[in-house]
Amino acid sequence: ASNLGLSYTLSTRDSVDMRTVLLPSELQTSASTYPNNLSLQFGHTLFPSKVRPGKGIGLYGKVAGTSGNPNPISWSFVGGISGEGMFANRPYDSFGIGAYYYNWSKALEDTIDPLLPLDNEKGLEIYYSFAITPWFILTADLQVIDPGKANFATETVAALRGKITF
């Protein structure tokens, strides 16, 4: 199974010019830039599950772009591979690996750069969800984040979370 979507949104309302947001409200100016967003999202099942119909291993992703002002993100990418229901002895387990990339808008960078220098943000996540029972899921998760603030070190975060469905 595959899916593909294309969407575009546009607001015709004048917005605050992002380059003036740090100024007192009486000095902020309206911009004749209208918020917009164009995105393409997709998903494709590579290997259907023989254990649980409708599940399997697949790719997913989304690419989006904006005009940049008043939007804080100029363009972004999110994508990865995930799977569920692939093992007969663990039919409710799931797993995945994903990545993202945010390219900050020039207007945002120009606005806050003297106070907070920015860099593009990127990250990676990998997880495995253990179905202790069909209603109790325990997930081990590892994230690596290169933050959007320039000169900040890459962070690694490990987590363990539980989900109870009733």
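Remember, it's a predicted structure, so these values are computed and weren't measured experimentally. Residues take their numbers from the sequence shown, with the count starting at 1.
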[X] versus [Y], closest heavy-atom pair with distance:
X: Pro134; Y: Tyr92; answer: CG-CE1, 3.9 Å
X: Leu108; Y: Pro72; answer: CD2-O, 3.5 Å
X: Pro147; Y: Ala153; answer: CD-O, 3.5 Å
X: Val51; Y: Pro91; answer: CG1-CB, 3.6 Å
X: Ile73; Y: Trp75; answer: CG2-O, 3.3 Å
X: Gly148; Y: Trp104; answer: CA-NE1, 3.7 Å

Quick one: does [X]'s side chain get under 4.5 Å of [Y]'s, heavy atoms only?
X: Leu38; Y: Leu6; result: yes
X: Thr139; Y: Phe130; result: no
X: Thr156; Y: Leu142; result: yes
X: Val144; Y: Thr154; result: yes
X: Asn36; Y: Ser67; result: yes
X: Gln41; Y: Ser7; result: yes
X: Leu59; Y: Leu46; result: yes

Flag yes if more than 12 heavy atoms outside [X] fall under 6.0 Å of its [atom1] atom; otherwise flag no.
X: Tyr8; atom1: OH; value: yes
X: Lys62; atom1: NZ; value: no
X: Phe152; atom1: CZ; value: no

**OP:** Check whether any side-chain N or O of Thr45 sits under 3.5 Å from a backbone N or O of Phe47 as a donor-acceptor pair, and report yes or no.
**Re:** no

**OP:** Check for a donor-acceptor pair, side chain of Ser105 on one end and backbone N or O of Asn71 on the other, with a separation under 3.5 Å.
**Re:** yes

Nearest 0.5 Å please: distance from the [atom1] atom of [X] over to the [atom2] atom of [Y].
X: Glu109; Y: Thr111; atom1: CD; atom2: OG1; value: 10.0 Å
X: Arg161; Y: Asp141; atom1: CZ; atom2: CG; value: 5.0 Å
X: Phe77; Y: Tyr102; atom1: CZ; atom2: OH; value: 11.5 Å
X: Asp146; Y: Asp119; atom1: CG; atom2: CG; value: 6.5 Å
X: Ile57; Y: His44; atom1: CD1; atom2: NE2; value: 12.0 Å
X: Ser129; Y: Phe95; atom1: OG; atom2: CZ; value: 10.5 Å

Original post:
Would you say the side chains of Tyr101 and Asn120 form a donor-acceptor pair under 3.5 Å?
Top reply: yes

Subject >> Side-chain donor-acceptor pair present, Glu84, Ser82, cut-off under 3.5 Å >> reply: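 Checked: Glu84/Ser82 side chains show no N/O donor-acceptor pair below 3.5 Å.
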
Any chain of hydrophobic side-chain contacts (each under 4.5 Å) joining [X] to [Y]?
X: Ile97; Y: Tyr60; value: no
X: Val157; Y: Ile126; value: no
X: Phe136; Y: Tyr127; value: no

Original post:
Going through the checks in order, is the side chain to side chain donor-acceptor pair (under 3.5 Å) test met by Tyr100 and Glu121?
Top reply: CA-CA 8 Å; Tyr100 74 92; Glu121 183 168 313; 2.8 Å; yes

Original post:
Stepwise, does the side-chain contact (heavy atoms from CB on, under 4.5 Å) test hold for Ile137 with Asp93?
Top reply: CA-CA 8 Å; Ile137 311 291; Asp93 284 11; over 6 Å; no

